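Some notes on the structure that comes next.
Here, residue 1 is the first one in the sequence, and each next residue gets the next number. Indexing begins at 1, ligand by ligand and atom by atom, following the structure's order. Since the model is a prediction, treat every value here as computed from it, not as a measurement.
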Amino acid sequence: MPRALITGGAGFLGSHLSDRLLAEGYEVVVFDNFVTGSSDNVAHLVGNPAFRLVRYDVTEYLYLDGPVDCIFHMASPASPIDFPSKPIQIMKVNGIGTMRALGLARAKGARFLLASTSEVYGDPLVHPQVEEYWGNVNPIGVRGVYDEAKRYAEALTMGYRRFHGMDTKIFRIFNTFGPRMRLDDGRVVPNFIGQALRGDPITVYGTGQQTRSFCYVSDLVDGIFRLSQTPPEVSGPINIGNPTERTMLEFAQEIKRLTASSSEIVYEDLKTVDDPKQRKPNITKAQQILGWEPKVSLEEGLQKTIEYFRGKLAEG
Ligand code: UDP
């Protein structure tokens, strides 16, 4: 039975990845310090003999007994509302935490997969974003703590790969949504759906003309899993996301329609000055190298997510 460690495995994405790896016959160990993750996300796995959840801060000395085949470094706050409130934790988990996770992977002879982000492209001047694009990042802006930390984590991963000859892989996650996102996560999908379901105003930031491209969580996890099965020569970085692009105003209207909500759409100031004006992945590499592309349409994914949030609101 292959054995995987997922840092941040009690988060939104990490918990879905745990489900997938267990279904693929892996033994899964999750380390999480619950800064943004929650044991609720993996409560259904507790009691499964192939699953172990450990409260652990991966910026501390990192140790795990027994063999490890694969480390998925997923730990990091990732919502823009976390950037001003958790700047040091973000820098530490992507800096020191990545170093510790790489060190453990090296000691175990394990494959290392880094969860990176489309934020490494900053406010991109190339559209759609290809992996070769080096990005347009403001290092001292509010987003800098996340963007630069992830860029550092990528550089560190490549440094370990080249210097120690390790098997490492970097994937860049574009906006992803689905069940287990927190209603108060602050990102646009839970905000808009929560507002629409409560009948509160739907808050479009800025002009609403900025774009994002949304990927349903099962598709994203499938891309990550496929990447984890590739030979050592495959290092990435590789974009994983859904190229279906919307302006935030269009997106607000779509959610209003799908929830049959009577909420009004209102405008608020942008929360971060360097909010990217456009974002859409070029997924040619994922298609060619992983044979992957998204299967769940935006509407289908949103329907499932709306049902999930409806249930959460009913629970109170
Ligand atoms: N946004 C918005 N209203 C909200 C939350 C976010 O208009 O209530 C916008 C935000 O300004 C950004 C986009 O939606 O342009 C996506 O924001 P999110 O926080 O989901 O993540 P980002 O892609 O910026 O990291």
Should [X] be listed as contacting ligand 1, given a heavy-atom distance under 4.0 Å as the test?
| X | value |
| --- | --- |
| F192 | yes |
| P80 | yes |
| E268 | no |

Hey, are [Y] and [X] close enough side-chain-wise for a donor-acceptor pair under 3.5 Å?
| X | Y | answer |
| --- | --- | --- |
| N94 | H73 | no |
| S228 | K169 | no |
| T211 | E245 | yes |

Carefully, step by step, assess Q129 and S118 under the rule side chain to side chain donor-acceptor pair (under 3.5 Å).
CA-CA 8 Å; Q129 290 78 58; S118 54; over 6 Å; no
So, does N136 use its side chain to make a donor-acceptor pair with the main chain of D123 at under 3.5 Å?
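Looks like yes, one N/O pair under 3.5 Å.
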Are the side chain of R180 and the backbone of D40 linked by a donor-acceptor contact shorter than 3.5 Å?
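Absent.
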Side chain, backbone, both or neither: which applies to [X] and ligand 1 if a contact is any heavy-atom pair less than 4.0 Å apart?
| X | answer |
| --- | --- |
| E119 | side chain |
| R187 | both |
| D275 | side chain |
| I81 | neither |
| V188 | both |

Could you tell me, atom by atom, which parts of ligand 1 come under 4.0 Å of a heavy atom of [X]?
| X | result |
| --- | --- |
| N175 | 21 (O), 22 (P), 23 (O) |
| R279 | 22 (P), 23 (O), 25 (O) |
| V204 | 7 (O) |
| Q210 | 9 (C), 11 (O), 15 (O) |
| R143 | 24 (O), 25 (O) |

What residue and heavy atom of the protein are closest to [atom], and at what distance?
| atom | value |
| --- | --- |
| atom 13 (C) of ligand 1 | M248 SD, 3.7 Å |
| atom 8 (O) of ligand 1 | N191 ND2, 2.8 Å |
| atom 23 (O) of ligand 1 | R212 NE, 2.6 Å |
| atom 3 (N) of ligand 1 | T203 O, 2.6 Å |
| atom 1 (N) of ligand 1 | Y205 CD1, 3.4 Å |

For Y121, is the NZ or CZ atom of K150 found under 6.0 angstrom from the centre of its six-membered ring and inside 45 degrees of the ring axis?
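Judged by the rule, K150 and Y121 form no cation-pi pair.
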Within 45° of the ring axis of F174 and under 6.0 Å from its six-membered ring centre, is that where the NZ or CZ of K280 lies?
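Cation-pi check for K280 and F174: fails.
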Please verify the inter-ring angle class for Y56 with F31; under 30° counts as parallel, over 60° as perpendicular, anything in between as tilted.
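Plane angle under 30°, so parallel.
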Report the relative orientation of the aromatic rings in Y63 and Y61; use parallel for angles under 30°, tilted for 30 to 60°, perpendicular for over 60°.
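Parallel, since the angle between the ring planes stays under 30°.
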Are there over 12 heavy-atom neighbours, none belonging to K92, within less than 6.0 Å of that residue's NZ?
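For K92, atom NZ is not crowded (no more than 12 foreign heavy atoms under 6.0 Å).
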